[in-house]
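Below: one structure, written as structure tokens.
So that the names make sense, note that chain A is the first sequence line, chain B the second, and so on, each numbered from 1.
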Amino acid sequence: MESYLQKIIGNALQNMGLDDDQFPEIKIETPRDASHGDAATNIAMLLAKPLRNNPRKIAEQLVDEMKFDPSKISAAEIAGPGFINFRFAKDYLYDELEALLDEGEEYGKTTDNKEVKCLIEFVSANPTGPLTVGHGRNAVLGDTVARLLEWTGADVQREYYFNNAGRQMRVLGQSVQARYNEIVGAEINFPEGGYEGSYIADIAQELVNEHGDKLLSETNEKLFKEKAEAVIFDEIRKTLERMNIVMDSYFNEHSLYESGAIDRVIDTFREKGVAYDSDGAVWFKTTAFGKDQDTVLVKSSGEPTYRLPDIAYHAEKLDRGFDLCLDVFGADHIDTYPDVLNGIDVLGYDKSKVEVLVYQFVTLVKDGKPYKMSTRKANFVTLDDLMDEVGEDVTRFFFLMRSPNTHLEFDVNQAKEAGDKNPVFYLQYAHARIYSILRKVNDLEPFSEKPVLSELKHPSEITLIKKLLSFPGAVSNAAANREPHRLITYLNELASEFTSFYHDCRIVGEEKEVMHARKVLAGATARVLANGLTILGITAPERM
RNA sequence: GCGCCCGUAGCUCAACCGGAUAGAGCAACUGCCUUCUAAGCAGUAGGUUUCAGGUUCAAGUCCUGACGGGCGUACCA
């Protein structure tokens with residue numbers, strides 16, 4: 001419809017004696033207020049200055065010149081300072097509704113990102129402990145953006161990047177070793193800044209069960225570390241699965257050292273003159289890119305900082321042939337992003353293929369009070385705990401509810417409410433309610449013939465149809481902005497339009513043709529709700 | 001100090017590329033269950049979009065400055 005309108009407006013402008021390059025892009029938007037029609041353009045106002053004419057006069061002339069198909073557009077009106085408002089013909093709505101029904105589970109898919117090979121890296125928590133609420137937003141956001149991209153035609157790979165070689169992992173191994181020693185009654189050497197969570201003791205206990213006290217002879221933490229990593233990763237995978245998230249690949253940072261990718265970055269940086277030695281360390285000349293200070297790539301101890309593998313990792317991803325590499329991370333990592341982009345740029349990659357999705361922090365609120373969390377101090381709330389308490393659907397929904405770049409207040413009390421205080425149920429309830437009606441109608445009346453959709457003419461029916469038809473646009477808008485909450489906003493509006501229809505128009509007991517058409521409309525609504533909830537990774541129950 | 005994000009109803013937040021009368025939910029108030037699910041619906045009330053300038057036909061949205069909050073600013077990840 002949008003391209004159709006652009007075409008007829010373009011033709012009209014040419015009839016007025018303007019060439020293609022003499023007028024700006026014709027933008028079609030949906031007016032906020034339904035009384036302003038179904039689509040509008042501001043083109044007359046944009047032309048007011050170049051044509052040195054009153055926008056309303058231009059609009060009048062345009063409408064005179066415009067030739068539209070009455071089976072698609074029923075009216076074009078001039079309003080306000082010079083908007084041209086269009087109204088869709090009912091026949092158009094019925095045709096599109098029929099197309100929606102044909103597409104079924106596929107309805108809402110677009111080709112915006114067709115042929116785009118995309119890698120999205122998210123979660124990427126090192127295996128030092130269970131996933132926490134903080135990781136939750138990352139996980140759900142990443143997965144849902146992945147789903148949105150898939151719905152718009154992209155080929156998406158989900159990747160988890162981790163590091164099992166650093167200092168933190170060593171401390172983790174030492175922490176487990178200390179607990180092991182504690183259990184078998186030997187001397188405890190709990191490391192400074194060690195991990196205090198109870199899961200550490202659980203892992204140690206497992207080792208005791210498997211090996212008794214034979215591991216007392218271990219001189220370093222290696223074995224303990226490996227066990228901890230295996231156990232923790234297993235838990236992380238389970239937690240993700242519970243949230244409907246399945247990774248396609250796990251990428252170990254360490255492989256970048258083995259493949260020589262790290263050395264190649266340093267070498268190239270030296271060649272290009274953006275790396276130098278000083279005080280025993282290797283520095284990246286980030287001041288050349290506008291930063292206040294240069295940045296250390298390799299510490300004087302010989303250990304690289306995380307920036308170096310980050311750069312090598314992004315180069316590696318682009319080597320794998322992705323058109324788009326998305327990173328999801330919290331606001332605290334924002335500073336590394338420019339370094340990585342500048343780094344791969346120096347290496348000769350197209351940095352426009354790398355895009356970062358930053359989200360702000362989550363505050364867990366319970367009984368009106370915020371929680372402070374740290375994995376190391378073990379005063380965190382795990383994602384599993386949260387899901388146990390409020391459920392998987394609610395957890396996903398709450399993480400997606402807000403724009404990624406605002407702080408998220410996760411109110412556990414509100415999330416726990418099974419009733420009207422909880423926004424998740426509103427969508428699920430509308431879906432279940434439709435199924436309840438459909439069950440009833442199917443019992444009463446088996447419909448074999450095609451519905452007569454033109455029976456749908458009540459304002460609530462028409463409004464609902466229009467809302468259903470804007471679903472693909474809502475998906476593509478959410479995908480383009482990488483903002484799942486936009487889809488939630490849409491689904492809330494849809495559920496609300498449905499309840500108005502439910503309120504105004506009965507289905508069961510109506511005259512046969514009307515009942516049939518309304519049943520089909522309700523079914524289409526359930527379809528769109530289900531498709532939307534699928535994108536969000538939330539179930540669409542048939543009974544509640 | 002510098003960089004990034006944010007400031008919208010009592011609270012939590014929407015508002016697509018700058019568009020027409022700034023919208024929801026919660027909380028408050030008034031009604032509605034012998035009729036398809038009341039986890040719902042209809043309605044009332046609630047706003048100088050933090051402030052001051054600027055850009056233009058049009059600013060919550062863009063620019064400058066101030067104020068307030070978050071995060072970062074490590075030879076930590």
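Scanning atom types as modelled, no donor and acceptor separated by under 3.5 angstrom connect the side chain of A:Ser436 and the base of B:C36. If you check distances only, the side chain of A:Asp332 never reaches the base of B:G72 with a donor-acceptor pair under 3.5 Å. With hydrogens and angles ignored, a donor-acceptor pair closer than 3.5 Å exists between the side chain of A:Tyr306 and the base of B:A77. In this model, no side-chain donor or acceptor of A:Asp33 finds a partner on the base of B:A22 within 3.5 Å.
Evaluation of A:His36 against the base of B:A20 yields a stacking contact (centre distance < 5.5 Å, interplanar angle < 30°). For A:Phe83 and B:G19, the ring-to-base geometry does not satisfy the stacking test (centroid distance below 5.5 Å, interplanar angle below 30°).
Under the 4.0 Å criterion applied to side-chain N and carboxylate O atoms, A:Lys57 and A:Glu60 are not assigned as salt-bridge partners.
Side-chain N/O atoms of A:Tyr426 include one lying less than 4.0 angstrom from OP1 or OP2 on B:C41. Between B:A14 and A:Thr406, a contact under 4.0 Å exists linking OP1 or OP2 to a side-chain N or O. Contact check, A:Lys299 against B:A74: no side-chain N or O comes under 4.0 Å of OP1 or OP2.
Residue A:His503 contributes atom NE2, which lies 13 Å from atom C1' of B:C36 at whole-angstrom precision. As rounded to whole Å, 14 Å separates atom C1' of B:A39 from atom CZ of A:Phe498. If you take CG of A:Asn477 and P of B:A14, they are 14 Å apart, rounded to a whole angstrom. Atom OH of A:Tyr195 is separated from atom P of B:C76 by 15 Å (rounded to the nearest Å). In this entry the distance linking NE2 of A:His333 with P of B:G70 reads 20 Å, nearest Å. Summarising the geometry, the separation between CZ on A:Arg506 and P on B:G40 is reported as 20 Å, rounded to the nearest angstrom. Whole-Å rounding puts the A:Asp335 CG to B:C76 P distance at 16 Å.
Ring centroid separation for the pair A:Tyr359 and A:Phe329 does not come in under the 6.0 Å cut-off. In this structure, A:His333 has its ring center at least 6.0 angstrom away from the ring center of A:Tyr337. The six-membered or imidazole ring of A:Phe162 lies near that of A:Phe233, with a centre-to-centre distance under 6.0 Å.
Taking the ring axis of A:Phe284 as reference, the NZ or CZ atom of A:Arg307 does not stay both within 45° of it and closer than 6.0 Å to the ring centre.
Annotated stems with RNA chain B as a participant read B:1-7 with B:67-73, B:10-13 with B:23-26, B:28-32 with B:40-44, B:50-54 with B:62-66, given as range with range, by first number; only runs of 3 or more Watson-Crick or G-U pairs under 3.5 Å qualify.
In textbook terms, a nucleotide whose glycosidic angle is within 90° of 0 is syn, while B:C26, being further out, is anti. Glycosidic conformation, B:C33: syn, with the torsion inside 90° of 0.
Side-chain contact annotation: A:Gln168 with A:Tyr195, donor-acceptor N/O pair under 3.5 Å present. Looking only at atom types and distance, the side chain of A:Asn477 has no donor-acceptor partner in the side chain of A:Tyr490 under 3.5 Å away.
Of the residues near RNA chain B, A:Ser500 and A:Asp292, the one whose nearest nucleotide (by heavy atom distance) lies more toward the 5' end is A:Asp292.
Listed candidates were B:G60, B:C36, B:G70. Nearest to the side chain of A:Arg32 is B:G60.
Of the residues listed (A:Phe251, A:Tyr257, A:Tyr306), the one engaging A:Tyr313 in a ring pair (Phe, Tyr, Trp, His ring centres under 6.0 Å) is A:Phe251, and it is the only one.
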